[in-house]
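Written below as structure tokens is the structure these notes are about.
Here is how names work: the chains are called A, B, and so on, in the same order as the sequence lines, proteins then strands, and each is numbered from 1.
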Protein chains: 2
Amino acid sequence: MSAEADPITDELSELVFQVAGRLRGGFNAAAAELGLPPAQALLLANLSAPTPMRELAVWLSCEPSNVTGIVDGLERRGLVARRPYPADRRVKYVVLTEEGERGRAELRARSQAQARALFASLDADKEHLRDLLAAVVAGAPAPDEAQIPRR
Amino acid sequence: MSAEADPITDELSELVFQVAGRLRGGFNAAAAELGLPPAQALLLANLSAPTPMRELAVWLSCEPSNVTGIVDGLERRGLVARRPYPADRRVKYVVLTEEGERGRAELRARSQAQARALFASLDADKEHLRDLLAAVVAGAPAPDEAQIPRR
DNA sequence: TATTGTTATACTCTATAACTATA
DNA sequence: TATAGTTATAGAGTATAACAATA
């Protein structure tokens, strides 16, 4: 079967990539305004509670060895700190500093402002779009389970 | 205003990233099956007619210097060729070889199969999702001007 | 032995700047 | 002068493998 056999799938893929690209661009711009590289900003935005390094690697869908460098960067900026975990001394918890709390709130506020502008024209259809996208996520088998879940 | 003031925007952003992530994963997997790195696969999938290098850089939203390496890779694999443009001898057109045509069709078929599976559960709502996403793209101001610049 | 985090290393992708050949 | 493509180089981002400390 040719690629032209299912035009609606091509349209959906193209549109999802476009919307995601604008969201990512807005997030990266917000991060740059705060002087943060994208990977550090992504970790900061999702760090709401003390979390072991190993779990951060799952959130970011990357190897644990890379988390070391990302956390190093956030620690150098004074936004997070490593804290020992007495019950298992191999483990280190990453926690937000007070400045990290402020930076995280600022980053989330700025990136959300961009996202709000992107979806503004939908008005009352926003719930509708959410439900359809949720159906896609729920209805399709997860390729792997690594997807920055909660906030 | 706090980040919790607009939960629907957070939900929409999260869901768009999840769906886009699965699409991208499916595309990259299809590319890997053909032995193509993501950037080369992206160019191959979008090359339907002879195109100047400069325009490919606009398509890929990257600097022209990077297109050189990507086209080098595709040329090494025999999938594309550079063709001189007599009317302006500075310009090179990138064209698909016969093997490139086959590879492109195969890549598009495989990635589309993954996308079709992802959206399958929507059934008749696919048109609905498409219209809502199209409204987002049409209703939001383009973040950068990467839209048919000149010529 | 297995696991957490780290280090060292390499590869991909991308941006900047300088270069060439044309215009 | 300006433009198309190239080259050289540097910087993120990520993967693999080996290591120390701890379990």
Side-chain angles (χ1 to χ4, degrees), chain A residues 21 24-25 27-29 31-32 34-47 50-77 80-95 144 146 148, chain B residues 21 24-25 27-29 31-32 34-47 50-77 80-95 144 146 149-151:
Chain A
R24 184 169 31 77
F27 181 83
N28 290 347
L34 300 178
L36 290 173
Q40 289 181 34
L42 198 59
L43 183 46
L44 182 66
N46 286 284
L47 188 68
T51 307
M53 306 278 292
R54 210 74 182 185
E55 195 173 334
L56 296 179
V58 177
W59 288 8
L60 298 177
S61 303
C62 72
E63 295 301 310
S65 59
N66 297 316
V67 178
T68 298
I70 297 171
V71 171
D72 282 349
L74 289 170
E75 198 168 33
R76 238 181 284 117
R77 296 167 202 269
V80 307
R82 285 170 164 94
R83 187 175 288 172
Y85 180 59
D88 183 342
R89 280 153 56 202
R90 294 173 303 181
V91 176
K92 293 175 190 170
Y93 271 68
V94 179
V95 302
D144 50 45
I148 304 174
Chain B
R24 184 169 32 76
F27 181 82
N28 290 347
L34 300 178
L36 290 173
Q40 290 181 33
L42 198 59
L43 184 46
L44 182 66
N46 286 286
L47 188 67
T51 308
M53 306 277 293
R54 212 73 182 187
E55 195 173 333
L56 296 178
V58 177
W59 288 7
L60 298 178
S61 301
C62 72
E63 294 300 311
S65 60
N66 296 318
V67 178
T68 298
I70 296 172
V71 172
D72 282 349
L74 288 170
E75 199 169 33
R76 239 180 286 117
R77 298 168 201 269
V80 306
R82 287 168 163 94
R83 188 176 288 173
Y85 179 60
D88 183 342
R89 278 152 56 204
R90 296 172 301 180
V91 176
K92 293 175 190 171
Y93 272 68
V94 179
V95 303
D144 50 46
R150 74 178 133 276
R151 177 185 294 244

Tell me if the side-chain of B:S65 makes a donor-acceptor pair with the base of C:dT16, cut-off 3.5 Å, by modelled atom types. yes
Please report the shortest heavy-atom distance between A:P38 and A:F27, naming the atom on each side. O-CE2, 4.3 Å
What's the shortest heavy-atom distance between A:P37 and A:R77, and which atoms? CD-NH2, 3.5 Å
Only one of B:V95, B:V94, B:V80 forms a side-chain contact (heavy atoms from CB on, under 4.5 Å) with B:P50, so which one is it? B:V95
How many whole angstroms separate atom CE of A:M53 from atom P of D:dA20? 19 Å
Protein-nucleotide distance (A:R54, atom CZ; C:dT4, atom C1'), rounded to Å: 6 Å
Separation between CG of A:N28 and CG of A:L36, rounded to the nearest 0.5 Å: 11.0 Å
Describe the nucleic acid contact of B:N66 in one word from base, sugar-phosphate, nothing, applying a heavy-atom distance below 4.0 Å. base
Tell me the interatomic distance from B:Y85, atom OH, to C:dA21, atom C1', rounded to whole angstroms. 17 Å
What integer distance in Å separates B:L60:CG from C:dC13:P? 11 Å
Rounded distance in Å - CG (A:D72) to P (C:dA8): 12 Å
Contact class for B:R89 (heavy atom, under 4.0 Å): base, sugar-phosphate, or nothing? sugar-phosphate
Check the distance between D:dG5's P and B:R83's CZ and give it to me in whole angstrom. 15 Å
Please list residues of residues 40-47 of chain B whose heavy atoms come under 4.0 Å from any atom in DNA chain D, ordered by number; otherwise none. none
Judged by nearest nucleotide, the residue sitting upstream toward the 5' end of DNA chain D, A:P64 or B:G69, is B:G69
Should A:I70 and A:L60 be marked as a side chain to side chain contact (heavy atoms under 4.5 Å, CB included) after you check the CA-CA gap, both sets of side-chain angles, and the distance that decides it? CA-CA 11 Å; A:I70 297 171; A:L60 298 177; 3.9 Å; yes
When we call it a touch if two heavy atoms are under 4.0 Å apart, what does B:P37 touch: a base, just sugar-phosphate, or nothing? sugar-phosphate
Spacing between B:K92 atom NZ and C:dT20 atom C1', to the nearest angstrom: 10 Å
Would you say a side-chain N or O of B:R82 is under 4.0 Å from OP1 or OP2 of D:dA4? no
Roughly how many Å is it from CD in B:E63 to P in D:dG11, rounded to a whole number? 17 Å
Using a cut-off of strictly less than 4.0 Å, decide whether A:R90 has a side-chain nitrogen or oxygen near OP1 or OP2 of D:dA21. no
